[in-house]
Amino acid sequence: MSTIRPSLALTCRRKLAAHCCRARYISSSSRRCNSPSVPSIARLLDEGPPNPDHVVVNGYVRSIRELKRVCFANIGDGSSRESMQAVLTHEQAKGLSYGSAVKMTGAWKPCRPNAKQSHELEVSGVDIYGPMDASTYPIQKASMTPEFLRTMPHLRTRTPFNSLLLRLRSTCIAEITKFLNEEGFTQTHTPIITSSDCEGAGEVFNVNSSRKDAGLDGGEAYFFKDAKYLTVSSQLHLEALAQSVGNVWTLSPTFRAEKSDTSRHLSEFYMLELEMSFVDDMKVVMDMVEKMIQQTTRGLLRSRLAKELTVRSQGGTEILPERWKILAQGSWPRITYTKAIGLLRSSGEPFDHLPAWGEGLGIEHEKYLAELHKSPVFVTHYPRSIKPFYMLASSTSTDQEETVDCFDLLLPNAGELVGGSMREHRLDPLIISMQAKGLVAPGLPASITDEQMGALKWYIDLRRWGSIPHGGFGLGFDRLLGYLADVPNIREINTFPRWVGRCEC
Ligand SMILES: NC(=O)C[C@H](N)C(=O)O
């Protein structure tokens, strides 16, 4: 920790005081007095203060209006999209500007009828926490474009909507955690540094840099013995843990080195991944996806956030975004990939590309299929050739159309949210599938040596000793939040977004 010589600190404080005229700076000792007992503005607005004659508020000035006799300031603290109105004298308002961090003391008084707020703070004292040079503050009251705000992720969460997104993230995690606890799942943590490319798409960030001081013998060497990557999915490790404690889940950062410069892809994002043990029917896994999303959305609907995200119709009635209703209920259609291809090909839609059987679905096709059903829709049983090695062969596969027991959940206007599958739990078919993808050396499964199994020997081991049928899925958590908040680009959802060519701070 750096130390400042008392004389220097004093000089700095004097300079700041001079710069901000009447600003009353809070000393570090009184700052400690602002304990968690100071209620948030959300709580103040919802419940009122415990003692209306003595109210303390911490927050930031969101606007300030000077009238002839008094000044009005709106104070926000990120706990609510709304702000609290404070009435001050001109003298008290001196030194305050948009963005100033303040402590206000006063009395909680009813506003005149028809005012936006039922009560306001009649201020008796104002203290400013720290300096604020309004002339250089890049965040302004006027609306700023998402693109502009993206250039300063360290500041943009101070805006009311972006702080709402942070609270949406937190409440959503709490609801999912509650749901999965009630369902008997164990939350786990899986590694970020891994030795495998789970999806086999080669979109891995290599972290095993060569460093002169890294080798144990002092010579130049990789930090680890061989190639290591930032994880692209926790799935393989979750599968190991699912054989230890039953149903498991994790919400972890995930990394993909894809050069997709789109509104739906990031190089670092959060994925909720879940594995279910002793399950041999993919329907059970899809039921869990559906139940988890629906219960989570219903929990959000009961929360304060629903009110904050509610939009007003022209007639003045409050309406929740349609998408919340879509996610909260219903039995979502399940169609096979083969049926989906048929629907696309007979649709007459002017797609950029019309996929043939065996090709992947693009975002335009995913959106179309969900919008056609006016609901989230599961597309199941994709061709093996376009899916990763770990998926279980469908029992309905024919020689011509080899498919796997997998599914994607597609949302209207948004496309893929979840991808999942039954896992190949039998030893020999798994080795054969890995050989087909070049992950294990060729040869008869029974005579493959540990060395020939390569980096994923440990994963093959799971099938050697007490293997069980199981399946799971991964849900793009930032995508879910973007859908709920009706924010089309997940660069607004992820607090410090990274994508090809961009890693701001
Ligand atoms: N856990 C999962 O099934 C997610 C899958 N591995 C994916 O990354 O798409």
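Order of listing sets the numbers, starting from 1, for every ligand and every atom in it. All values below were derived from every heavy atom in this structure, side-chain atoms included, with hydrogens, water molecules and symmetry-related copies excluded. Owing to the predicted nature of the structure, the values given are computational and were not obtained by experimental measurement.
A distance of 6.0 Å or more separates the ring centres of Phe278 and His470.
Counting heavy atoms closer than 4.0 Å to ligand 1, residue Arg423 contributes side-chain atoms (C-beta onward) but none from N, CA, C or O. Counting heavy atoms closer than 4.0 Å to ligand 1, residue Trp249 contributes nothing at all.
In this model, no donor atom of one side chain and acceptor atom of the other lie less than 3.5 Å apart for Asp77 and Ser40.
Every atom of ligand 1 with a heavy atom of Tyr390 under 4.0 Å away is listed here by number and element: 5 (C), 6 (N). For ligand 1, the atoms closer than 4.0 angstrom to any heavy atom of Gly474 are 1 (N), 2 (C), 3 (O), 4 (C).
Taking a cutoff of 4.0 Å between a charged side-chain nitrogen and a carboxylate oxygen, Asp46 and Arg43 do not qualify as a salt bridge. Ion pairing between Asp287 and Lys291 fails under the 4.0 Å rule for side-chain N and carboxylate O. Between Arg498 and Asp478 there is no salt bridge, since no side-chain nitrogen of the basic residue lies less than 4.0 Å from a carboxylate oxygen of the acidic one. Arg264 and Glu416 are not joined by a salt bridge, as no carboxylate oxygen comes within less than 4.0 angstrom of a charged side-chain nitrogen.
Regarding atom 7 (C) of ligand 1, its nearest protein heavy-atom neighbour is Glu199 OE2, 3.2 Å. The protein atom (non-hydrogen) at minimum distance from atom 4 (C) of ligand 1 is Glu273 OE1, 3.4 Å.
Ligand 1 lies less than 4.0 angstrom from a heavy atom belonging to Met271. By the 4.0 Å heavy-atom criterion, Glu239 is excluded from the residues contacting ligand 1.
Applying side-chain contact (heavy atoms from CB on, under 4.5 Å) to Thr250 and the options Thr190, Leu274, Thr186 leaves one that passes, Thr190.
Note: an N/O pair closer than 3.5 Å links Ser233 and ligand 1 by distance alone.
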